[in-house]
Number of protein chains: 2
Amino acid sequence: VIKLDDIRKTYHTGEVEVHAVRGVSLEILPGEFVAVMGASGSGKSTLMNIVGCLDRPTGGRYFLDGTDVSELDRDDLADIRNQKIGFVFQGFNLLSRTSARENVEMPMLYRHDQRSARELHEKATRALETVNLADRADHHPSQLSGGQQQRVAIARALVNQPALLLADEPTGNLDSRTSIEIMGVFQQLNAQGITIVMVTHEPDIARFTKRNVVMSDGVVTTDAPVADR
Amino acid sequence: VIKLDDIRKTYHTGEVEVHAVRGVSLEILPGEFVAVMGASGSGKSTLMNIVGCLDRPTGGRYFLDGTDVSELDRDDLADIRNQKIGFVFQGFNLLSRTSARENVEMPMLYRHDQRSARELHEKATRALETVNLADRADHHPSQLSGGQQQRVAIARALVNQPALLLADEPTGNLDSRTSIEIMGVFQQLNAQGITIVMVTHEPDIARFTKRNVVMSDGVVTTDAPVADR
Ligand SMILES: Nc1ncnc2c1ncn2[C@@H]1O[C@H](COP(=O)(O)OP(=O)(O)OP(=O)(O)O)[C@@H](O)[C@H]1O
Ligand SMILES: Nc1ncnc2c1ncn2[C@@H]1O[C@H](COP(=O)(O)OP(=O)(O)OP(=O)(O)O)[C@@H](O)[C@H]1O
Ligand SMILES: [Mg+2]
Ligand SMILES: [Mg+2]
């Protein structure tokens with residue numbers, strides 16, 4: 001479902017060029033469950049943003065379900081994101097002036113489904129139940145703990161039941177037990193056929209996935225299946 | 001140096017009351033190195049904000065270096081924060097329109113020290129070197145990875161050489177090796193006499209400290225020294 005062919009990304013900051021991704025080639029098949037690990041600054045989020053159609057590579061090709069994503073204009077990319085992809089951002093990116101439930105409803109509004117407000121409300125509530133936050137549905141992000149904000153971001157990524165779930169450090173602010181609960185949710189979704197790619201820096205969390213990809217300085221240095229999974 | 005006496009904090013959200021902290025009594029002596037752990041939503045950040053003089057308790061007393069903090073007005077509190085405390089926020093709280101170096105210089109500007117711009121620049125650069133980010137000093141937060149932003153927040157908390165360092169999940173976005181480097185920095189500072197209280201959800205990180213306090217539903221349930229430290 002994901003085919004990265006010699007992907008490169010260079011940022012230009014003032015006079016300096018930062019080569020964040022320097023030639024990554026990777027294939028991820030439908031139903032896979034991949035952990036992406038690597039040092040701070042090694043290019044993981046940059047790669048995730050390209051895979052999530054949030055950013056364009058500077059070089060190389062990205063095929064999503066066989067379509068060359070570089071051929072698509074901004075509206076097509078937005079459609080793909082809304083139809084196929086759920087994204088959990090490393091910094092959550094919640095809207096601060098709306099409640100947790102409204103934040104979770106947002107991706108459904110972008111899809112122009114003919115759903116009633118009541119149906120949206122219910123779907124959002126169920127997504128919040130999945131992450132144990134139904135009792136915080138009316139709180140605004142500033143009225144939530146760090147780990148609760150992270151879980152709202154996860155619920156929002158799941159609410160459209162995307163075929164591809166991309167999660168950037170989804171357990172970075174969660175205690176061990178809550179992290180294990182979230183990984184349980186991810187394993188369930190993966191068993192239902194959802195392809196999952198997640199960045200994590202914790203080996204204990206990576207162990208819940210089926211394949212570990214390690215990045216270092218913008219390239220992939222290791223790509224191996226997880227033992228006995 | 002820190003004496004919490006039956007501290008309580010209740011938030012009022014609409015019609016609902018959230019009892020975030022429900023009676024915490026704790027004493028932390030100068031030079032201690034304490035990890036605060038506990039489930040997401042258990043009240044850790046709320047407690048840290050009270051200890052860091054960023055928020056007032058709803059009940060109970062907080063003595064910092066023998067002074068009853070509830071007696072102080074907002075200007076006195078601000079002075080205490082600038083003179084004695086370095087705070088690493090769970091959400092970083094960096095200023096997005098200024099560079100990493102300028103973000104790190106900020107606490108020094110609040111102190112009205114008679115320092116030249118060049119001295120501030122140097123001190124900030126050295127703080128960034130401590131967290132391995134000197135080469136990103138001119139980047140703005142949006143041009144930094146999540147872990148790099150976190151390290152800028154850490155450098156900013158250290159730049160005034162505070163007597164008390166409070167860190168809320170300082171390694172949540174860092175890979176294992178960078179986390180170990182940061183914990184090494186913290187251990188060095190602690191050996192020099194700085195009192196450190198840090199929230200973490202990772203037991204492997206808590207092991208670098210000397211005392212583990214566990215919170216659950218707004219109260220402290222465990223408070224024990226770390227074996228062989
Ligand atoms: N401004 C607020 N208004 C209402 N409730 C709040 C507010 N801030 C925090 N809370 C609630 O208080 C409780 C404790 O929050 P706190 O941020 O202290 O948790 P935490 O232990 O730091 O969690 P995490 O590990 O997820 O960061 C949570 O249930 C949260 O929903
Ligand atoms: N907009 C930008 N402009 C310039 N440089 C950038 C920009 N965004 C990221 N970078 C740089 O690109 C490199 C890779 O960043 P990226 O966010 O992909 O790292 P990461 O692996 O996700 O790190 P972390 O684990 O800390 O989140 C970093 O060195 C960062 O400083
Ligand atoms: Mg990142
Ligand atoms: Mg917190």
Side-chain angles (χ1 to χ4, degrees), chain A residues 11-16 18 20 37-46 48 89-92 94 96 99 131-133 135-151 168-169 171-179 181-182 199-206 214-216, chain B residues 11-16 18 20 37-46 48 89-92 94 96 99 131-133 135-151 168-169 171-179 181-182 199-206 214-216:
Chain A
Y11 295 109
H12 304 276
T13 327
E15 326 141 351
V16 176
V18 177
M37 309 184 71
S40 175
S42 55
K44 308 180 294 297
S45 295
T46 302
M48 292 288 276
F89 294 89
Q90 188 169 8
F92 316 155
L94 300 178
S96 53
S99 71
V131 298
N132 267 324
L133 272 186
D135 63 343
R136 290 280 181 274
D138 297 312
H139 284 226
H140 287 221
S142 61
Q143 298 168 331
L144 294 173
S145 76
Q148 290 168 340
Q149 291 173 24
Q150 187 156 42
R151 282 182 277 158
D168 197 344
E169 289 283 359
T171 64
N173 280 284
L174 300 177
D175 57 284
S176 316
R177 178 169 152 193
T178 311
S179 300
E181 287 171 16
I182 293 297
V199 174
T200 180
H201 69 260
E202 293 184 58
D204 287 347
I205 296 296
V214 181
M215 285 189 72
S216 175
Chain B
Y11 295 109
H12 304 277
T13 328
E15 327 144 349
V16 176
V18 177
M37 307 184 71
S40 172
S42 56
K44 307 179 295 296
S45 296
T46 303
M48 292 290 276
F89 294 89
Q90 187 168 9
F92 317 155
L94 300 178
S96 52
S99 70
V131 297
N132 267 326
L133 272 187
D135 63 343
R136 290 279 181 276
D138 296 313
H139 284 227
H140 286 222
S142 61
Q143 297 167 332
L144 295 173
S145 77
Q148 290 167 343
Q149 292 173 25
Q150 187 154 41
R151 284 182 276 158
D168 197 344
E169 289 283 358
T171 64
N173 281 285
L174 301 176
D175 57 284
S176 314
R177 177 166 152 194
T178 311
S179 300
E181 286 170 17
I182 292 297
V199 174
T200 179
H201 69 261
E202 293 183 60
D204 287 346
I205 295 297
V214 181
M215 287 189 71
S216 173

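Here is how names work: the chains are called A, B, and so on, in the same order as the sequence lines, proteins then strands, and each is numbered from 1.
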Apply side chain to side chain contact (heavy atoms under 4.5 Å, CB included) to A:H140 and A:S96, showing your working. CA-CA 6 Å; A:H140 287 221; A:S96 53; over 6 Å; no

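Heavy-atom distances place no part of B:V16 under 4.5 Å from chain A, backbone and side chain included. Both the backbone and the side chain of B:Q148 come within less than 4.5 Å of a heavy atom of chain A. Contacts between A:V18 and chain B at a heavy-atom distance below 4.5 Å involve the side chain alone, from C-beta outward. Within the 4.5 angstrom heavy-atom criterion, only side-chain atoms of B:S145, from C-beta onward, approach chain A. Only the backbone of B:T171 comes within contact range of chain A, with heavy atoms under 4.5 Å apart.
Note on B:R177, B:E169, B:Q143, B:H139: by heavy-atom pairs under 4.5 Å with chain A, the leading option is B:H139. When the candidates B:D168, B:V199, B:D175 are compared by the number of heavy-atom contacts under 4.5 Å with chain A, B:D175 comes out ahead. Put simply, of A:H201, A:Q90, A:Q149, A:R136, the one with the most heavy-atom pairs under 4.5 Å next to chain B is A:H201. Between chain A and the options B:S40, B:G147, B:S179, the largest number of non-hydrogen pairs under 4.5 Å is found for B:S40. The candidate with the highest count of non-hydrogen atom pairs below 4.5 Å against chain B, out of A:G41, A:G38, A:S45, A:A39, is A:A39.
Taking the salt bridge (Lys or Arg N to Asp or Glu O under 4.0 Å) definition, one finds that B:D135 meets it with nothing, sequence neighbours left out.
Residues B:Y11 and B:A20 share a closest heavy-atom pair of CE1-CB, 3.6 Å. Annotation for A:Q150 and A:N173: closest pair OE1-N, 2.7 Å, computed over non-hydrogen atoms.
In this structure, A:V131 and A:I182 have side chains that are in contact, with non-hydrogen atoms separated by less than 4.5 Å.
Between the side chains of A:N132 and A:E181, at least one donor-acceptor pair of N or O atoms lies under 3.5 Å.
Here the CE-CD distance, from A:M37 to A:E202, works out to 8.5 Å after rounding to the nearest 0.5 Å.
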